[in-house]
Asks: 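Can you read through this structure? Questions will come right after.
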Amino acid sequence: EKVKVTISRITDRALAFKTISQGYSHSAGGWGYMDYGSEVYDVAEQLWTGEIDTPGSANSAKTTVFPIAKAIPKLQPGAYFVELDQIDASGDIPNEAARAKRWLVITDLALTTYSGVDGMSATVRSLQTAKSVSGVKLELVARNNEILARGNTDSTGRVSFSGPIM
């Protein structure tokens, strides 16, 4: 059997309007759904689509390794959306196909925020080393996607935004 794989990238500015959820998966004949705020069709840039083999017995769970670095050689930090659709022998997606949808967030940065009466502070650390990261540009974005403030992390990986803009 084979599955169709589609990988899309979602820009950081478009993420302000989306909810990154766990996605879903279901077997043939099953169903799944994503919240309206999690669907990406209105903001996604499709990067790659193709088919991969899923060897094994029909109607059984399979684990298949997908070499995403070969499909997208310049995988950059950011948010990606992966969709899998079962395809039949003719290469079509049946109406009741098995499907899966998942978000992938590629980053080495861990962001921790602290809010108080005087504003908000953020700390940025590397996920690989757990060390603070200096020089990271952060933007405080309003719900309407307006940039309220910008700042760069200092030598301790911290940046602060004053209370009046919050």
Side-chain angles (χ1 to χ4, degrees), residues 2-26 32-54 62-86 98-116 118-163 165-166:
K2 291 187 175 196
V3 294
K4 177 183 175 187
V5 180
T6 304
I7 303 172
S8 302
R9 187 169 199 281
I10 293 76
T11 65
D12 57 346
R13 298 295 295 184
L15 284 176
F17 300 108
K18 296 297 169 188
T19 303
I20 296 179
S21 66
Q22 67 182 20
Y24 72 85
S25 61
H26 66 77
Y33 72 95
M34 293 186 70
D35 298 339
Y36 173 75
S38 295
E39 290 288 359
V40 299
Y41 304 113
D42 56 336
V43 295
E45 172 193 2
Q46 187 173 313
L47 299 179
W48 187 86
T49 188
E51 298 175 4
I52 61 171
D53 289 319
T54 55
K62 297 174 178 77
T63 300
T64 304
V65 176
F66 175 70
I68 193 169
K70 286 185 180 179
I72 306 172
K74 294 185 179 185
L75 189 64
Q76 301 173 5
Y80 295 84
F81 196 71
V82 179
E83 299 173 81
L84 302 168
D85 293 293
Q86 171 192 1
R99 289 188 164 86
K101 296 182 180 189
R102 291 282 186 270
W103 282 92
L104 295 178
V105 178
I106 310 296
T107 185
D108 180 48
L109 302 177
L111 179 68
T112 305
T113 60
Y114 308 93
S115 296
D118 58 342
M120 183 177 76
S121 295
T123 303
V124 179
R125 293 190 171 274
S126 164
L127 291 171
Q128 284 292 88
T129 66
K131 293 181 180 178
S132 58
V133 181
S134 63
V136 175
K137 178 183 173 184
L138 295 177
E139 294 178 336
L140 186 60
V141 181
R143 290 179 197 258
N144 67 358
N145 215 15
E146 179 182 348
I147 298 172
L148 300 175
R150 291 183 170 96
N152 293 318
T153 57
D154 62 18
S155 61
T156 64
R158 295 175 188 242
V159 65
S160 295
F161 300 104
S162 65
I165 60 171
M166 300 277 298

Asks: Show the nearest heavy-atom pair for residues Trp103 and Ala79, with the distance to one decimal.
Replies: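 Result for this residue pair: CZ3-CB, 4.1 Å.
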Asks: Can you check side-chain contact (heavy atoms from CB on, under 4.5 Å) on Asp108 and Val133, steps first, answer last?
Replies: CA-CA 10 Å; Asp108 180 48; Val133 181; 5.7 Å; no
Asks: Any idea which heavy atoms bring Ser132 and Ser155 closest together, and the distance?
Replies: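 Shortest heavy-atom contact: OG-O, 3.8 Å.
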Asks: What's the shortest heavy-atom distance between Leu111 and Ala122, and which atoms?
Replies: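 Looking at all heavy atoms of both residues, the closest pair is CD1-CB, 3.8 Å.
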Asks: About how many Å separate NZ of Lys4 and CZ of Arg99, when rounded to the nearest 0.5 Å?
Replies: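 Here the interatomic distance stands at 10.0 Å.
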Asks: What closest approach, in Å, do Val3 and Gln86 show between heavy atoms, and which atom pair accounts for it?
Replies: CG1-CA, 4.2 Å
Asks: Among Ile68, Val82, Ile7, find the one that has a side chain to side chain contact (heavy atoms under 4.5 Å, CB included) with Trp48.
Replies: Ile7
Asks: Output the distance between atom OG (Ser134) and atom CG (Asp154), rounded to the nearest 0.5 Å.
Replies: 8.0 Å
Asks: Donor-acceptor pair, distance only, cut-off 3.5 Å: does the side chain of Arg125 make one with the backbone of Ala130?
Replies: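 Judged by distance alone, yes, a pair lies under 3.5 Å.
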Asks: Would you check if the side chain of Thr153 reaches a backbone N or O of Gly135 as a donor-acceptor pair within less than 3.5 Å?
Replies: yes
Asks: Minimum heavy-atom separation for Arg150 and Phe161, please, with both atom names.
Replies: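 Taking every non-hydrogen atom into account, C-CE2, 3.9 Å.
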Asks: Kindly compute the distance separating CG (Leu127) from CG (Leu109), expressed to the nearest 0.5 Å.
Replies: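 Interatomic distance, Leu127 CG to Leu109 CG, rounded to 0.5 Å: 7.0 Å.
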Asks: Give, for atom OG of Ser8 and atom CG of Leu104, the distance between the pair rounded to the nearest 0.5 Å.
Replies: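 So the OG of Ser8 and the CG of Leu104 are separated by 11.0 Å.
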Asks: Quick check against the 3.5 Å criterion: does Thr49 have a side-chain atom that pairs as donor or acceptor with the backbone of Val5?
Replies: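 Such a contact is found between Thr49 side chain and Val5 backbone.
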Asks: Roughly how far, to the nearest 0.5 Å, is CG of Leu138 from OG of Ser160?
Replies: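 One gets 10.5 Å once the value is rounded to the nearest 0.5 Å.
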Asks: For Thr129, give me all partners under side-chain hydrogen bond (donor to acceptor under 3.5 Å, both in side chains), at least two apart in sequence or on another chain.
Replies: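 Partners of Thr129 by the side-chain hydrogen bond (donor to acceptor under 3.5 Å, both in side chains) criterion, ordered by chain and then number, come out as Ser126.
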Asks: Pairs in or reaching into residues 74-83: which pass side chain to side chain donor-acceptor pair (under 3.5 Å), with residues at least two apart or in two chains?
Replies: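 Listed by first then second residue: Arg9-Tyr80, Tyr41-Glu83.
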Asks: How long is the span from the OG1 atom in Thr6 to the NZ atom in Lys101, to the nearest 0.5 Å?
Replies: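 Going from OG1 on Thr6 over to NZ on Lys101, the span is 10.0 Å.
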Asks: At their closest point, which heavy atom of Thr54 faces which heavy atom of Lys2, and how far apart are they?
Replies: OG1-N, 3.9 Å
